[in-house]
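Worksheet: the structure to be examined is printed underneath.
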Protein chains: 2
Amino acid sequence: MPPPPVSPEIKSDVDQVLEAIIYLYTESRRLTKELARRADLTGPQLTVVKMLEQIGDLSLSELSERIRAQNSTVTGIIDRMERENLVSRERSKEDRRVVYIKLTAKGRRLAEEIPVEPMEIFRGALESLSASEVRDLVKILGKVARRVQQTVQRETAESDSVKG
Amino acid sequence: MPPPPVSPEIKSDVDQVLEAIIYLYTESRRLTKELARRADLTGPQLTVVKMLEQIGDLSLSELSERIRAQNSTVTGIIDRMERENLVSRERSKEDRRVVYIKLTAKGRRLAEEIPVEPMEIFRGALESLSASEVRDLVKILGKVARRVQQTVQRETAESDSVKG
DNA sequence: GGCGGATATTTCGCACGCTAAATAATGCCG
DNA sequence: CGGCATTATTTAGCGTGCGAAATATCCGCC
């Protein structure tokens, strides 16, 4: 659930930035989902299929890390994909705790079937900016992200020391 | 599910921007959730409680619109909140299709208990930018969002006309 | 060799979140 | 007045998404 667009009329810079971010994020998810629907996949399933196609087999943990989700979430996604015969699980021989996720022929066919990224719209939007604007955007957004990350880490450390 | 950070090494501008957006969005949700947890609420519940506190009673549709979710989703959230005695439903007298959602005393107390926005971290991060950077960020992000919106609307119109 | 702590995955229970279909009430139009 | 499209909400079914606990291995160390 996105945080609320709290103030009704005058929006602060923070609110405007947040609103844009929420909009862009939501839209990127919606686009993925839409694209996926055409191949009878869900958004996450499309993401997984494309990831495996491009990178090759991945352990479940590697996969979760890449799609930024918890292992338990990905277990569910893979369960359903296995049921649909899109991927298979294969126990690693070196480390029997590890499970590799592999595309099946059907999964690979589907991956190829799907044009490219749903990111084309974003690419288009970014291309409508001037080169210097793109550079600024990348630079500033990156700065904000790093700054937030620092603050979060600091607070996490604090509450850890309080808790523990 | 966030779109994948596709390329392993060299990241395009699009990817970098998207990655930052995904990070910031995810983080803002996490912060809301964290803040909510202290009052034994979920993220969306905190959002609703704060919204009702600041704006007053809202119909279910108005509420869904404001938190950018489907009515059916909000029905569920309100069900659980009603169960916890945080809000009550009240049928409108003018239009008996409409249900107003009202804070209970307990809900109001909780709302007051919770400091402010979880957005403070973002505010801090934005304040670490120079004034001109903030201005640029607001301007450029807004531009990208508007551009994406236009493209999406155009495509929606097209596929509508195709579909019938 | 085996014990104890780490690591990889799964299971469980719950809360979103969405779409499609059902239900209920309005309002308009002839 | 009666029917019919519209609108507000709910229900049903499914797929994430998370945190905590359970399982199965692995690894280092005595």
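By convention in this document, chain letters (A, B, ...) are assigned in the order of the sequence lines, proteins followed by strands, and residues within each chain are numbered from 1. As a basis for the values below, the full set of heavy atoms in this structure was taken, side chains included, without hydrogen atoms, waters or symmetry mates.
Using a 4.0 Å heavy-atom criterion, one finds that A:R37 contacts no nucleic acid atom at all. Within the nucleic acid shown, A:D95 comes within 4.0 Å of sugar-phosphate atoms alone, with no base atom in reach, counting heavy atoms only. B:T75 comes within 4.0 angstrom of a base, heavy atoms only.
Sequence order on DNA chain D of the closest nucleotides to A:G76 and A:K93 puts A:G76 first from the 5' end. Residue A:Q70 is the one, among A:R96 and A:Q70, whose nearest nucleotide of DNA chain D lies closer to the 5' end (criterion: closest heavy atom).
Side-chain proximity of B:T42 to D:dT10, D:dC18, C:dC16: nearest is C:dC16. Of the candidates D:dT10, D:dC18, C:dT10, the closest approach to any side-chain atom of A:T73 belongs to D:dC18.
Per the geometry, CG belonging to A:L63 stands 14 Å off C1' belonging to C:dA8, to the nearest Å. Between A:I101 atom CD1 and C:dA8 atom P there is a gap of 14 Å when expressed in whole angstrom units. Whole-Å rounding puts the B:N71 CG to C:dT23 P distance at 18 Å. Going from atom CD of A:E65 over to atom C1' of D:dG17 covers 17 Å, rounded to whole Å. Rounded to an integer number of Å, the gap from A:E82 CD to C:dT10 C1' is 13 Å. The interatomic distance linking B:R91 (CZ) with C:dT23 (P) rounds to 15 Å, in whole Å. Look at CZ on B:R30: it is 11 Å from P on D:dC18, rounded to the nearest Å. Look at CG on B:L41: it is 10 Å from P on C:dC16, rounded to the nearest Å.
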Side chain to side chain contact (heavy atoms under 4.5 Å, CB included) between A:L129 and A:L126, intermediate numbers included: CA-CA 5 Å; A:L129 300 175; A:L126 289 185; 3.9 Å; yes
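A:I114 and A:I67 fall within the same hydrophobic cluster, defined by Ile, Leu, Val, Met, Phe, Trp and Tyr side-chain heavy atoms under 4.5 Å apart, directly or through other members. Residues B:I77 and B:Y100 do not share a hydrophobic cluster, defined by chaining ILVMFWY side chains whose heavy atoms lie under 4.5 Å apart.
Regarding contacts with the backbone of C:dC14, every side-chain N or O of B:R80 stays at 4.0 angstrom or more from both OP1 and OP2. Between D:dT16 and A:R68, no contact under 4.0 Å exists linking OP1 or OP2 to a side-chain N or O. Here A:R29 reaches the OP1 or OP2 of D:dG17: one of its side-chain N or O atoms lies under 4.0 Å away. Here A:R89 reaches the OP1 or OP2 of C:dT10: one of its side-chain N or O atoms lies under 4.0 Å away. B:Q45 has no side-chain polar atom (N or O) that falls below the 4.0 Å cut-off from OP1 or OP2 of C:dA15.
Counting distance only, with no hydrogens placed and no angle test, the side-chain atoms of B:R97 and the base atoms of D:dT7 include a donor-acceptor pair under 3.5 Å. For D:dG19, the base has a donor-acceptor partner in the side chain of A:S72 [N/O atoms by modelled type, under 3.5 angstrom].
A salt bridge links B:D79 with B:R89: the closest approach of a Lys/Arg side-chain nitrogen to an acidic carboxylate oxygen falls below 4.0 angstrom. No salt bridge links B:E112 with B:R109; every basic N to acidic carboxylate O contact stays at or beyond 4.0 Å.
Between the side chain of A:T104 and the backbone N or O of A:N85 there is at least one donor-acceptor pair closer than 3.5 Å.
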